[in-house]
J.: 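Here it is: the structure, laid out below.
No experiment lies behind these values; they were computed from the predicted model shown.
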Amino acid sequence: MTTDSPATPPNTKSMDDIMSLCKRRGFVYPASEIYGGINGFWDYGPMGAQLKKNLRDAWWTDVVMRGCNGKLGPDGKPVSIVPVDTCIIQNPKVWEASGHVAGFNDPMVTDMSTPDGKRFRADHLYGFSLMPKPVAENMQLLAEHLAGRMTIEAHPELTVIASTLGEALAQLQGDKRSTKKYTFDGFQEHETNGVKNLMSLATRSDGAEYVAMIHQVTMDEYAKDIEKIPSPFTGKAASLTPPRAFNLMFKTFIGATASEDDVAYLRPETAQGIFVNFKNVVDTTRVSVPFGIAQTGKSFRNEVTPRNFTFRSREFEQMEIEFFCHPDDAKDWYVFWRDWRMQWWQDLGLRGENLILREHDCDELAHYAKEGAGTSDIEYRFPFTAPGYGELEGIAHRTDFDLAQHEKHARAKLKYFDSTRGELAKNGQPKGEHYLPHVIEPSGGLDRGVLAILCEAYTVDESRPSPEFMKFHPRIAPIKAAVFPLVKKDGMPEKAAELHGELRQKFGHLGAIEYDEKQSIGKRYARMDEAGTPYCFTIDGDSLTDGTVTVRDRDTGQQERMKMEDVAAFLGEKLGV
RNA sequence: GCGGGUGUAGCUCAGUGGUAGAGCGUCACGUUGCCAACGUGAAUGUCGUCGGUUCGAAUCCGAUCACCCGCUCCA
């Protein structure tokens, strides 16, 4: 970041206009639109599917096949990456080990008064309340209270975490804070409007009589009186966050009977498929640490609020690398990946100050990254986040958290034997070292990448005949080139069809090569501008006599003339092949 | 999850109780020798969905769904 340059204006492009173009030109459609759509899901049309494939291919080629495009790692050696393609559905124990199932399946409350922000299930909080006896004697009033139709001042004085009422009672009876001050004549269960409570007469040390109640803290009480509920850990009031349902995991059933015994989950990240195959890859493919395993694929999360076009959707595709290295080298590799991934996005056209690299502060680090060398985000300033930014890719030092978890839960030996380390033996060879590798995880969002590229490419220039156009980098443009006969006569269509066939044969594996003879030449150029086609080749009268064609550049509108036989070489160079 | 807004042709939108419209785009034919050219013609609508009020609903009422914005949330 430079400090003396003027502030970049926020991204002022209109998201409505971008979405409109995406629909009009077949980039993105609302999923199952003819049925009214479905919240949080989007489909890609012909243009979008090819754009997305081109981005995925660029990643696959540059990261996996070319090992960071040939850039040497911090150890001075070529970067080694191998791909896998693992299942969306894994053994449910995978997600127990990774922590995805246990912590985030139920409404959770976070206790901000504890140093580490303890989190517990909302329905596991039980409160101990006291009511003056005269009120309790009026059972009608009490019933109204229990049904939530009226409030009487009976906020819990004390809370505990328990999964049942009985467990709560046991805990409270062992808690000096209550037993020191009160004597009880025995708790009995009462049920009012389906709500079960334990109630007892209580006598305070000074002789005052109360009704004591142990009850589960209801959602209603959270909503109304959360400020007054004391922390179960510290006793402080006003320290609980409202219950939040983290229905992160998509649940499904294996087999036709669909019973609770057959529960499985759609993966919330591709990473775990890599971790559980770490040993397989090490044992079968002659890789050695440091090396990475890469995977692209769909993941699923029940987002709280899917929003902002495709930015936060419930089904999305990731491009993930888990890079395994010796713990001592983790810092170097973290820096390497962070910088190279930033460079990669820039090279695809996300230049300028709409793209930033942001190092996380300590307090926002994920649980698995606390001990690590750091986490950073590559963020893009989308029109809907401006002047803020939205995450495109996260680069995290995950330490050995995941491998350690799987080692424990699966009781598998995942330690790596590194024969290049350890003290030297008598013969001068290292003795080797067993260790659990640390992991640097560059995890990118493919759909978010596509969205960023769409937003970046969208350009309005009122001075052009076609003001609205898409400035895709040629490498990811879904249509690579178009061939036109200037007019539909005099043998021009035949000549153009010939060139079209040749280009399609040579470059069709990279993207579409279009042929268009409909309507005026200006309209055809405009159509291609809107689809983001970088080059248009036009056959005119001269083509028939001297074998030259014109090539028009999308961004400048400039034309130049070249020999027809040079067209393929020209386009190949522009596409970087 | 809460609050606000929007929903009519592929896109942008008009239509406030009485025949479903415009511009652009698309397609066809003609014209056209390089930048959304011109002429003629054509196709395209569960008016988001369901229900109610009414002789009659795109229009009024209710519910619901989707999208947008703000809050919240996002290991």
J.: Could you tell me whether A:E33 and A:K23 have a side-chain N and a carboxylate O separated by less than 4.0 Å?
T.: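 Yes.
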J.: Quick one: does A:M19's side chain get under 4.5 Å of A:P30's, heavy atoms only?
T.: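 Heavy-atom side-chain distance check fails, nothing below 4.5 Å.
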J.: How are the rings of A:F250 and A:F41 set to each other: parallel, tilted or perpendicular (split at 30° and 60°)?
T.: perpendicular
J.: For A:R314 and B:C73, what is the distance between atoms CZ and P respectively, to the nearest whole Å?
T.: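 So the CZ-P distance, A:R314 to B:C73, works out to 17 Å.
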J.: How long is the line joining CZ of A:F384 and C1' of B:C69, in whole Å?
T.: 13 Å
J.: Rounded off to whole Å, could you give me the CG-to-P distance for the A:D555 and B:C35 pair?
T.: 19 Å
J.: Return yes if some donor-acceptor pair links the side-chain N/O of A:E322 with the main-chain N/O of A:I274 below 3.5 Å, else return no.
T.: no
J.: Say you pick atom C1' in B:C24 and the same atom in B:U44; how far apart are they, in whole Å?
T.: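 Their C1' atoms lie roughly 14 Å apart.
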J.: Report yes if a donor N or O on one partner sits less than 3.5 Å from an acceptor N or O on the other, where the partners are the side chain of A:R301 and the base of B:C74; otherwise report no.
T.: no
J.: Please report, rounded to the nearest Å, how far the P atom of B:C24 is from the CD atom of A:E530.
T.: 15 Å
J.: Is A:N39 close enough to B:C65 that one of its side-chain N or O atoms is under 4.0 Å from OP1 or OP2 there?
T.: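 Checking B:C65 against A:N39, no side-chain N or O comes under 4.0 Å of OP1 or OP2.
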J.: Would you mind reading off the distance between A:R312 atom CZ and B:C67 atom P, rounded to a whole angstrom?
T.: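 After rounding, the reported distance stands at 14 Å.
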J.: Is the shortest side-chain N to carboxylate O distance from A:R398 to A:E320 below 4.0 Å?
T.: no
J.: Would you mind telling me which residue lines up with the more 5' stretch of RNA chain B, A:G37 or A:E33, judged by nearest nucleotide?
T.: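 In this pair, the answer is A:E33.
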J.: Could you please spell out the steps behind the side chain to side chain donor-acceptor pair (under 3.5 Å) verdict for A:T310 and A:Y44?
T.: CA-CA 10 Å; A:T310 60; A:Y44 289 93; 4.7 Å; no
J.: What about A:T550, does its side chain sit under 3.5 Å from the base of B:C34 through a donor-acceptor pair?
T.: yes
J.: Give a yes/no verdict on a cation-pi contact between A:R448 and A:F311, requiring under 6.0 Å between NZ or CZ and the six-membered ring centre and an angle within 45° of the axis.
T.: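 Yes; both conditions hold, so A:R448 lies above the ring face of A:F311.
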J.: Can you measure A:R307 atom CZ to B:C69 atom P for me and round it to whole angstrom units?
T.: 7 Å
J.: List the protein contact pattern of nucleotides 37-52 of chain B with one symbol per nucleotide (5' to 3'): B for base contact, S for sugar-phosphate-only contact, - for none; contact means a heavy-atom distance under 4.0 Å.
T.: B--------B------
J.: Starting at CD of A:E468 and ending at C1' of B:G25, how long is that distance when rounded to a whole Å?
T.: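 Interatomic distance, CD of A:E468 to C1' of B:G25: 12 Å.
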J.: Hey, does the side chain of A:N308 come within less than 4.0 Å of B:C69's phosphate (OP1/OP2), counting only N and O?
T.: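 For A:N308, the contact criterion (side-chain N or O under 4.0 Å from OP1 or OP2 of B:C69) is met.
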J.: B:C68 P sits how many Å from A:K23 NZ, rounded?
T.: 14 Å
